[in-house]
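Notes follow the structure.
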Amino acid sequence: MQTTLKQRAPWRAKLSIFWWLLAPIVATATLLCTEWIHRGSLSASFWTDNFLPHFGSFACSWLLILCTYLFLANLTRLPALAVLVCGAGGCIPAAVTYFKLKLRGEPFFPWDLSQGAEAADVVGKAGLELQTSMWVSALLFLVLAVFACLLPRPRKGAMWQFILSWAAPGVGGLALIFLVFLSPTGSRLVGIVPDMWMQNRYYRNYGVIAGFLTNIQNLEVDEPEDYSEETVNALVEQSYSQDLAPVFEGSYAQGGDGQVTQPNIIFIMDESFWDVQELEEYGVVFDQPVTPNLHRLMETSAYGKAYSPSFGGGTCDVEFEALTGFSVEFLPSGCKPFQQHVTRPMFSIASYLKDQGYATQAIHCYYAKFWSRNTAYPNLGIDEFISLEDFVSPEKKRDTEWSGGLVTDAEMARRIIQEYEQRDEDKPLFIHAVTMQNHTSYNKNNYPEEELVGILEAPEGISENTLGALQDFATGVREADAMLGTLTDYFSQVDEPTILVFWGDHYNPIGSGYEVYTATGYASGADSESPELHQMPLLIWSNYWQDKVDLGTVAAYQISPVLMELYGLEEPPMFRYLANQLSAYRSRTLGVTILPDGTATDADLTGEQEQWFQNHWLLQYDLMFGEEYALTL
């Protein structure tokens with residue numbers, strides 16, 4: 001027996017070598033599987049365009065995984081646990097990034113961790129399927145974990161050796177995190193250059209692990225260098241002393257009598273609404289007019305496009321911009337201001353109008369906690385919030401993709417009218433309404449056959465599945481358009497002057513990826529960065545002024561200032577500044593600038609434009625994070 005054990009001892013010693021060899025194997029497998037899942041494939045372009053040019057980033061990520069494995073394996077003496085933790089720590093964020101890129105055109109961010117409920121709710125209804133890279137990676141790490149269980153542990157040495165075996169990689173991992181990934185200086189030393197405007201490109205270049213960790217740097221919002229009471233006061237005084245805002249030909253401010261100073265104002269942000277009838281210019285033929293009311297009202301209203309900061313989701317970002325005049329361009333890419341920043345009373349058109357004597361109200365036909373609206377709305381000056389919980393037996397549709405269905409736009413129209421009729425007649429009314437009926441994802445089975453908008457012709461290259469999804473989407477747009485018609489017909493008959501502001505929040509993938517946009521030629525690119533996929537219909541109608549006004553394209557954060565300019569309403573300092581900013585550019589969103597002539601460019605801002613941009617941030621910082629000097633003037 002003793003001889004047998006002695007004979008086995010050399011084999012155990014040889015096998016124990018694998019205890020240490022397993023560390024670089026796991027680190028390499030984790031890094032490659034993470035990128036495989038994130039990208040969908042590891043093509044030659046990954047090695048030539050991303051890995052080699054940005055080797056320092058991937059090397060640091062590999063070292064971090066290595067340190068993590070060695071720390072856990074040596075501390076717990078459970079290498080299988082270390083294998084599974086490293087695999088999950090890389091592959092799960094990569095899978096989330098893959099799905100987020102498909103749904104919304106953006107990767108997985110650190111602040112997404114605070115949005116788990118919203119993400120789970122949407123993902124559960126999006127029909128996402130595991131990719132080959134995901135289940136193969138899961139199988140690989142299970143095999144590695146089983147192999148790790150079979151390995152003999154190295155012989156125990158002195159206590160100091162045991163401590164050093166896990167303490168050294170632990171210190172090394174912390175050094176990588178704090179001195180490289182969380183340090184702007186350290187990140188640049190290894191070749192990681194900030195690219196916050198295009199986060200999908202950022203993750204492609206530097207990888208999921210480096211992209212995610214370096215984004216933590218952006219959780220802190222730095223005070224502008226020249227921020228002070230004096231600079232804010234000077235900026236506000238300059239805004240009121242000059243009038244650089246464009247003259248909107250045909251507006252009430254230009255041709256009206258100026259007697260209406262406190263009209264009712266109704267905001268309607270319609271989920272995923274864009275004029276799908278535009279596709280008829282690109283070879284798609286529907287069996288009926290889809291947006292007849294929109295086209296009719298364009299002749300007697302102010303109409304243009306609102307440049308949205310979102311694609312495929314992030315509705316709350318768009319309403320944040322529209323309500324406040326603040327731009328998410330200045331905030332960490334992908335963060336959700338309603339959840340992370342609107343945690344105290346804050347300026348908005350609602351709070352401003354409330355100070356002017358308005359009753360303020362919001363209506364959203366989904367759950368109150370979604371995107372933390374139940375806490376954000378009161379902080380933005382909205383006194384009453386009506387959510388899904390407050391609807392009694394509402395009409396719902398589209399229950400194939402959404403269990404129980406979604407509250408219809410027709411129901412929203414009825415609720416807006418009901419709230420108007422039950423208002424306090426001694427106060428003008430502000431309503432901010434957000435619909436839900438046409439939320440992604442799309443499936444022709446969401447509507448009965450007799451309700452679906454039909455497609456008579458379509459360009460080649462669009463799959464049957466995508467055409468069915470397009471039918472679902474177009475049907476929702478038709479019903480949103482009907483809501484618009486219902487509301488304008490109703491308010492055209494009331495005596496009180498009322499303004500209705502209607503716009504869509506963002507485009508979505510319809511069916512398979514970007515097929516609808518690329519096969520038709522509707523968009524210039526096959527991704528969410530295409531400027532065409534951010535310009536949403538914007539209609540500003542009133543029951544007391546019926547002239548046609550061409551708005552062109554403006555930023556979503558310009559919606560409130562443009563409204564006040566059109567109707568000659570008294571403007572708060574923030575909106576006055578933004579109205580003047582229109583002389584330099586119409587929008588600066590996602591690194592794209594819409595110039596006064598309507599053209600889009602991703603070129604650097606000119607010196608003058610950069611000054612307008614930085615002053616916008618100065619005022620926004622003052623009202624979001626600073627002392628609110630702009631409110632005390």
key: Between CD on residue E223 and CZ on residue F625, distance to nearest 0.5 Å   = 11.5 Å
message = With rounding to the nearest 0.5 angstrom, report the CE to CG distance, M574 to L619.
response = 5.5 Å
ask   = Is there a donor in the side chain of T593 and an acceptor in the side chain of R588, or the other way round, less than 3.5 Å apart?
value = yes
query = Hey, what's the ring geometry for H534 with Y307, parallel, tilted or perpendicular (30° and 60° as the breaks)?
reply = parallel
task = For E271 and T315, run side chain to side chain donor-acceptor pair (under 3.5 Å): C-alpha distance rounded to whole Å, both residues' side-chain angles, the deciding distance at 0.1 Å, then the answer.
result = CA-CA 8 Å; E271 175 63 44; T315 295; 3.3 Å; yes
request  = Would you confirm whether W274, through its side chain, and L533, through its main-chain N or O, come within 3.5 Å as a donor-acceptor pair?
outcome  = no
query = Looking at E532 and S524, what are the two nearest heavy atoms and their distance?
reply = OE1-OG, 3.0 Å
message = Pair Y557, L578 - check side-chain contact (heavy atoms from CB on, under 4.5 Å), show working.
response = CA-CA 9 Å; Y557 59 76; L578 289 175; 4.2 Å; yes
query = Do Y585 and W612 have ring centres separated by under 6.0 Å?
reply = no
inquiry  = Quick one, Y69 and V83 - any side-chain contact, counting heavy atoms below 4.5 Å?
reply    = yes
request  = For Y442 and N438, indicate whether the former's side chain and the latter's backbone hold a donor-acceptor pair under 3.5 Å.
outcome  = yes
task = Give a yes or no answer on whether the side chain of S133 reaches the backbone of G40 with a donor-acceptor pair at less than 3.5 Å.
result = no
key: Ring centers of Y366, H439 separated by less than 6.0 Å   = no
ask   = Between D472 and N443, does any side-chain donor sit less than 3.5 Å from a side-chain acceptor?
value = no
query = How close do S187 and V180 get, heavy atom to heavy atom, and via which atoms?
reply = OG-O, 2.6 Å
ask   = Aromatic ring centroids of W62 and F55 under 6.0 Å?
value = no
key: Donor-acceptor pair, side chain of S348 and main chain of T324, under 3.5 angstrom   = no
inquiry  = Is the distance from the ring center of F320 to that of H341 below 6.0 Å?
reply    = no
request  = Quick one: sort the Y517 and Y514 rings into parallel, tilted or perpendicular, breaks at 30° and 60°.
outcome  = tilted
key: Side-chain donor-acceptor pair present, T48, S45, cut-off under 3.5 Å   = no
query = If you round to the nearest 0.5 Å, how far is CD of Q609 from CD of Q581?
reply = 9.5 Å
ask   = Which atoms form the tightest heavy-atom contact between R398 and L406, and what is the distance?
value = NH1-CD1, 3.7 Å
inquiry  = Show, in sequence, the C-alpha distance, side-chain angles and deciding distance for W402 and N446, and conclude whether the side-chain contact (heavy atoms from CB on, under 4.5 Å) test is met.
reply    = CA-CA 9 Å; W402 291 79; N446 272 320; 5.6 Å; no
task = Quick one: do E319 and R373 satisfy salt bridge (charged side-chain N to carboxylate O under 4.0 Å, His left out)? Show the steps, please.
result = CA-CA 11 Å; E319 59 181 311; R373 287 184 176 93; 2.6 Å; yes
task = Kindly assign one of parallel, tilted or perpendicular to the pair F58 and F51, based on the angle between their ring planes and the thresholds 30° and 60°.
result = tilted
message = If I compare all heavy atoms of C60 with all of L176, which pair ends up nearest, and what's the gap?
response = O-CD1, 4.1 Å
inquiry  = Please give me the minimum heavy-atom distance between S308 and M536, naming the atom from each residue.
reply    = CB-CG, 3.8 Å
key: Flag, side chain of T440 to backbone of N508, donor-acceptor distance under 3.5 Å   = no
key: Minimum heavy-atom distance between T34 and C91, given as atom pair plus value   = OG1-N, 3.8 Å
